[in-house]
Amino acid sequence: MDKAFLHQEYEQKLYALWDKHHTFQPNMKNKKPPFSILLPPPNANASLHAGHAMFVIEDILIRWKRMQGHPTVWIPGTDHAGYESQYVYEKHLAKQGKSRFDFDRETLYNDIYSFVQQNSGLIEEQLKLLGFSLDWSRKTFMLDDHVVSTVYDTFAKMVKDGLVYRDHYIVNFCPKCGTTFADLEVKHEERKDPLYYIKYGPFVVATVRPETKFRDAALAANPKDKRYKDWIGKTIEVQGVLGMVKMTVIADEEVDPEFGTGIMKVTPAHDAHDFALGRRYNLPVTPIIDTHGKMDFSWFLQSEKTKSTEPKHLERVQKYHNKSVRDVRALMVEDMKADGLIEKVDENYTHNVTVCYKSGHDIEPLVLPNWFVRMKPLAKPAIEAVKKKRIQFVPKRFEKQYYQWMEHILDWPISRQIVWGIRIPVWYSVQENPNIQVTFLDSEHIRVTGTVQEVLNQGYVLEEIQKGLQSLRAPVDATYVVSDKAPGPDYLPETDTFDTWFSSGQWPLTTLHYPESKDFKMFYPTAVLDTMWDILFFWVARMIMFGLYLTKDVPFKAVYLHSMVTDEKGQKMSKSKGNVINPIDIAHEFGADALRIALVAGCAPENPIALSKEKVKGYRNFGNKLWNIGRFIVMMKEQGAENSTDQVLTKDDQSLLTGVQLLTKQTQKYLDEYRFSDAALGLYDFVWNTLANTYLEHTKSREDKDCVFSTLLLAFTSCLKLIHPFMPFVTEAIWQEFVKEKLVDDPLLITAAWPRAEH
RNA sequence: GGCCGCUUAGCUCAGUUGGUAGAGCGUCCGGUUUACAUCCGGCAGGUCAGGGGUCCGAGUCCCUUAGCGGCCACCA
């Protein structure tokens with residue numbers, strides 16, 4: 001044996017050894033209850049980061065249960081990562097001077113597919129480097145046929161059950177990404193913007209978004225506000241930038257009399273709050289901003305209004321038309337100033353602006369037809385399940401957050417206007433829905449937009465439209481057929497795809513081949529779901545809802561939410577701070593074992609997981625300590641010591657063996673309670689202090705070598721078993737040395753029996 | 001604005017039925033020619049954020065103040 005444990009020489013060989021003996025696959029013949037975990041799927045084209053290394057928690061549980069003799073499986077997979085991947089691909093296109101608009105839907109999808117395939121596979125190798133005992137024979141990709149087919153079935157069931165509806169609804173639309181986002185996917189940025197006080201007939205109204213003024217549907221004041229009491233219900237004439245407009249004053253409790261002047265303009269098409277007001281008072285929804293974030297005045301330019309409008313105002317409309325929101329705001333503020341319509345401007349107004357968390361672009365609240373899922377009926381059983389303790393949250397405090405969110409859940413917009421994803425399996429008859437808007441590339445590769453009726457009249461045939469189809473927008477009341485394939489010759493497909501979380505929310509079902517497979521029957525519900533707390537709502541809550549909806553059973557019995565891996569000071573790792581630690585580099589330098597236990601030991605589940613080279617180095621030393629104890633035992637054997645159970649134990653021997661008993665019990669208890677740090681620290685302390693520094697040093701002078709040898713061998717092999725889930729490589733490496741020396745019977749530590757604690 | 005955490009040795013943090021303050025790293029002193037210098041022995045270092053309360057007894061339970069962090073909702 002070498003003087004030190006040289007991890008580089010063992011890790012890959014040992015992983016191959018485990019693999020060769022199929023130890024990662026469950027032993028279905030075991031009679032104990034099955035134990036299963038699903039790996040939260042990393043992006044298919046991602047590379048491993050410190051967060052992924054936290055999956056070590058899952059490997060610890062898996063290795064532990066496997067040694068205990070449960071049929072155990074840990075299933076890996078990768079996610080297509082919806083717009084994340086499309087975003088990366090579009091950047092790649094941009095480098096070639098192209099954009100997504102140069103391709104039809106199908107071509108773009110296939111190109112992204114190849115792109116993702118090219119960049120995938122890396123993460124699998126990296127997960128292996130860390131020693132994760134995943135069953136690769138069961139790996140799943142989010143766009144595998146059987147996954148897509150389950151997602152289709154679920155959608156069809158939801159449609160049948162009345163849980164899916166289409167509606168015009170105000171959604172977060174990112175003009176840069178070209179898609180809708182759920183509320184969870186946007187963030188808020190504090191910003192200082194001018195607050196304009198605009199004259200509105202007899203009133204003054206405060207707003208940061210004067211450009212939406214063109215489509216105001218009403219004015220609103222608080223019913224208790226004396227200043228405006230007499231005006232409620234009255235219609236007034238207002239001088240605007242484009243001439244006179246009529247406006248009715250409504251009253252609503254939600255208007256804050258303290259803000260601005262206490263009276264607000266209502267623009268249902270471009271503000272979530274105003275949209276709600278509009279619904280309550282039946283106000284018309286009249287958009288003026290399009291999906292590119294540009295001001296669209298076609299409603300004006302194509303109407304009779306142009307005839308009765310003063311030339312000055314008409315010029316303004318032409319000036320504003322098709323310009324960006326920001327530009328128009330500046331232009332119209334100038335015009336309003338010229339007309340004397342601005343009373344004052346508060347330049348120091350700070351407020352929160354909604355921005356896209358992917359691109360950082362300002363979110364435009366737009367009213368668009370979208371697919372929604374009714375969440376209340378799904379949330380109810382999901383709340384019940386946790387209340388009845390069918391699912392346990394660790395740490396417990398997340399339960400509160402869960403209830404809080406689930407009890408106030410809003411309907412979920414599931415449609416995304418991107419190509420890279422699972423297409424919503426819906427088809428529209430063009431005969432029944434001539435008003436469907438389509439954009440497609442014709443056979444000459446020219447981009448054509450219009451209603452189906454219009455383009456058919458222009459001489460295009462349906463086949464050409466479908467072949468070059470980029471996007472389709474059906475009116476909310478369009479008739480549709482749910483089907484994965486075209487139900488007939490005159491149908492066009494929906495082009496929206498599902499929100500990523502719609503498919504990943506069904507991960508426990510799809511990975512286990514719900515509903516008929518042996519795996520599903522054996523391993524559902526899974527034992528525990530471990531992930532970082534930041535996707536509790538995105539993912540965990542959705543899996544619970546889908547699981548209960550489809551199977552009436554929870555998808556997992558426990559949720560373990562680990563923290564974020566940070567640098568040694570508890571600072572979030574980021575490229576700009578330059579404090580990013582690449583786990584693969586660390587594993588390379590100090591060994592995967594050292595990294596693994598360093599991520600677990602000394603970390604409370606509530607706190608950030610501080611990782612530093614120094615800490616990893618400390619645990620590398622621990623691995624080496626184990627190695628040298630093993631080496632010491634082998635040397636004793638070479639010097640003639642013999643192992644036999646027939647020994648007269650001294651007090652030291654007995655106390656060591658009692659210590660191992662206690663340690664076994666303690667480790668068992670800690671693992672049962674998800675207290676990984678306590679388990680790891682307890683093992684570390686026992687081996688280093690009790691076994692090595694105390695027992696081993698005391699016995700060096702003893703004459704009864706056989707007794708020492710036997711005791712030490714028994715105690716140490718038990719410790720190796722207990723430590724194996726945390727540090728699989730060094731423990732297995734030592735075990736293999738022991739196998740060579742015929743000191744142990746089990747050929748592999750990974751499948752050796754877990755020590756029994758006597759009671 | 002609503003909710004949830006955190007504040008313990010120089011640094012990073014444990015401390016889960018309330019019972020004499022702990023670990024790792026670092027500092028300093030000393031040691032070791034065969035298990036390991038990726039080692040061993042030892043010293044120093046904390047009024048457990050501030051204040052109040054319950055209790056025979058509080059780092060631990062309750063109230064409160066301050067600082068830091070997180071989640072949710074975001075009113076023009």
Side-chain angles (χ1 to χ4, degrees), chain A residues 1-7 183-184 186 188 190 195-196 198 205-210 212-213 216 219-220 222 252 254-267 270-274 276-277 349 351-354 395-405 407-408 410 533-534 536-537 563-564 566-572 590-591 594 598 601-604 606-636 639 669-670 673 675 677-678 680-682 684-685 688-689 692-693 696-697 700 712:
Chain A
M1 284 175 83
D2 292 305
K3 204 170 173 185
F5 174 62
L6 306 169
H7 62 269
D183 289 338
L184 277 171
V186 296
H188 303 277
E190 192 169 276
L195 180 65
Y196 301 99
I198 301 170
V205 159
T207 181
V208 282
R209 300 207 61 181
T212 60
K213 172 173 146 70
D216 287 348
L219 288 164
N222 192 294
D252 193 89
E254 278 195 15
V255 181
D256 178 6
E258 302 296 316
F259 186 91
T261 55
I263 187 160
M264 62 179 272
K265 62 191 209 61
V266 185
T267 322
H270 296 294
D271 181 279
H273 185 249
D274 293 8
L277 264 180
Y349 177 66
H351 65 143
N352 284 329
V353 179
T354 310
K396 205 170 174 357
R397 68 186 164 95
F398 286 107
E399 240 170 63
K400 232 176 196 172
Q401 266 189 35
Y402 173 83
Y403 290 135
Q404 204 173 27
W405 191 67
E407 276 158 12
H408 300 103
L410 299 172
W533 44 252
D534 63 339
L536 176 61
F537 303 132
S563 296
M564 187 172 35
T566 65
D567 73 2
E568 61 218 283
K569 299 208 161 62
Q571 300 284 311
K572 194 171 175 170
F590 300 107
C603 300
E606 326 255 339
N607 288 10
I609 297 150
L611 185 64
S612 67
K613 269 196 171 189
E614 284 309 307
K615 188 175 178 188
V616 179
K617 197 172 156 188
Y619 287 104
R620 187 272 316 262
N621 295 352
F622 178 57
N624 192 56
K625 190 80 188 172
L626 289 168
W627 178 257
N628 273 288
I629 296 167
R631 197 166 151 234
F632 183 78
I633 290 172
V634 169
M635 284 170 104
M636 280 184 92
Q639 284 160 13
K669 176 172 173 279
Y670 284 155
E673 294 170 357
R675 292 166 61 180
S677 171
D678 291 322
L681 291 174
Y684 179 97
D685 176 63
W688 205 310
N689 295 316
N693 292 352
L696 206 147
E697 290 303 324
K700 276 184 180 169
L712 194 56

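Reminder, nothing fancy here: chain letters follow the sequence lines and each chain counts from 1.
Between B/C40 and A/W688, a contact under 4.0 Å exists linking OP1 or OP2 to a side-chain N or O. Side-chain nitrogen and oxygen atoms of A/N624 include none within less than 4.0 Å of the OP1 or OP2 phosphate oxygen of B/C36. A sub-4.0 Å separation between OP1 or OP2 of B/C39 and a side-chain N or O of A/N621 is present. Put simply, A/K625 has a side-chain N or O that comes within less than 4.0 Å of OP1 or OP2 on B/C40. Dashed line: the shortest gap from a side-chain N or O of A/K700 to OP1 or OP2 of B/A35 is under 4.0 Å. Here A/K615 does not reach the OP1 or OP2 of B/C25: none of its side-chain N or O atoms lies under 4.0 Å away. Phosphate proximity of B/G24 to A/Y619: absent, as no side-chain N or O sits under 4.0 Å from OP1 or OP2.
Counting any heavy atom pair closer than 4.0 Å across all strands shown, A/R631 reaches sugar-phosphate atoms only and no base atom. Within the 4.0 angstrom heavy-atom criterion, no nucleotide atom of any strand lies near A/R209. A/I633 comes within 4.0 angstrom of no nucleic acid atom, judged by non-hydrogen atoms across all strands. The residue A/D271 sits apart from the nucleic acid: no heavy atom pair falls under 4.0 Å. Heavy atoms of A/A206 sit under 4.0 angstrom from at least one base atom. Nucleic acid contact for A/V634: none, since no nucleic acid atom lies under 4.0 Å from a heavy atom of the residue. Within 4.0 Å of A/E254, counting heavy atoms only, lies at least one base atom of the nucleic acid. Contacts of A/G602 with the nucleic acid, taken as non-hydrogen atoms under 4.0 Å apart, involve only primed sugar atoms and P, OP1 or OP2. Across all strands shown, A/N693 has heavy atoms under 4.0 Å from sugar-phosphate atoms exclusively, and none from any base.
Taking atom NE2 of A/H188 as the reference point, atom P of B/C75 lies 8 Å away to the nearest angstrom. Rounded to whole angstrom, the span from the NZ atom of A/K396 across to the P atom of B/G5 amounts to 12 Å. In this entry the distance linking CG of A/L219 with P of B/C75 reads 19 Å, nearest Å. Rounding to whole angstrom units, OH of residue A/Y670 and P of B/A14 are separated by 14 Å. Here B/C40 presents its P atom at 12 Å from CZ of A/F622, a figure rounded to the nearest Å. For A/Q401 and B/G2, the CD to C1' distance is 12 Å, given to the nearest whole Å. One interatomic measurement links the two molecules: CG of A/L681 to P of B/A23, which rounds to 12 Å at whole-angstrom precision. As rounded to whole Å, 11 Å separates atom C1' of B/C4 from atom CZ of A/F537.
Taking a pair to require two hydrogen-bonding distances under 3.5 Å in either a Watson-Crick or a G-U wobble arrangement, B/G24 pairs with B/C11. Nucleotide B/C75: unpaired (no Watson-Crick or G-U wobble partner with both distances less than 3.5 Å). Pairing of B/A49, defined by two Watson-Crick or G-U wobble distances under 3.5 Å, is identified with B/U65. In a base pair of the Watson-Crick type (N1 to N3 plus N6-O4 or O6-N4) or a G-U wobble (N1-O2 and O6-N3), with each distance short of 3.5 Å, B/C3 is matched with B/G70. For B/A35, there is no paired base (Watson-Crick or G-U wobble, both distances below 3.5 Å).
Nearest nucleotide to the A/H351 side chain, out of B/A76, B/A35, B/G5: B/A76. Nearest nucleotide to the A/D183 side chain, out of B/A76, B/A73, B/C4: B/A73. Among the nucleotides B/C36, B/U16, B/A76, the one closest to the side chain of A/E697 is B/C36. Comparing atom distances between the A/Y349 side chain and each of B/A76, B/C36, B/U34 picks out B/A76 as nearest. For A/D678, whose side chain is taken as the heavy atoms from C-beta onward, the closest listed nucleotide among B/A14, B/A35, B/U38 is B/A14. For A/W533, the side-chain atoms get nearest to B/G70 when compared with the rest of B/A76, B/G70, B/U38. Which of B/U38, B/A76, B/A35 sits closest to the side chain of A/A692 comes down to B/A35. With distances taken from any side-chain atom of A/A610 to the nucleotides B/U12, B/C71, B/C36, the minimum falls on B/U12. Distance from the side chain of A/K3 is smallest to B/C36 among B/C36, B/A35, B/C25.
Using P as the reference atom, B/G10 and B/U47 are 8 Å apart when rounded to the nearest Å. Taking atom C1' on both B/U27 and B/A66, the two are 32 Å apart, rounded to the nearest angstrom. Between B/C71 and B/C55, the two P atoms lie 41 Å apart (nearest whole Å).
Counting only heavy atoms from C-beta outward, the side chains of A/L219 and A/M264 never approach each other to under 4.5 Å. Residues A/F537 and A/Q401 meet the side-chain proximity criterion, which asks for heavy atoms closer than 4.5 Å. For the pair A/H351 and A/V353, the minimum side-chain heavy-atom distance is below 4.5 Å.
Judged by distance alone, the side chain of A/K615 and the main-chain N or O of A/A601 form a donor-acceptor pair under 3.5 Å. The main-chain N or O of A/D256 is never found under 3.5 Å from a side-chain atom of A/N222 such that the two would form a donor-acceptor pair. The main-chain N or O of A/T267 is never found under 3.5 Å from a side-chain atom of A/D271 such that the two would form a donor-acceptor pair. Put simply, the side chain of A/D216 never gets that close to the backbone of A/K265: no donor and acceptor are under 3.5 Å apart.
Atom-to-atom distance recorded for A/Y670:OH and A/L681:CG is 9.0 Å, nearest 0.5 angstrom.
In this structure, A/Y684 has its ring center under 6.0 Å from that of A/Y619.
For A/Q404 against B/A73, no side-chain N or O and base N or O form a donor-acceptor pair under 3.5 Å.
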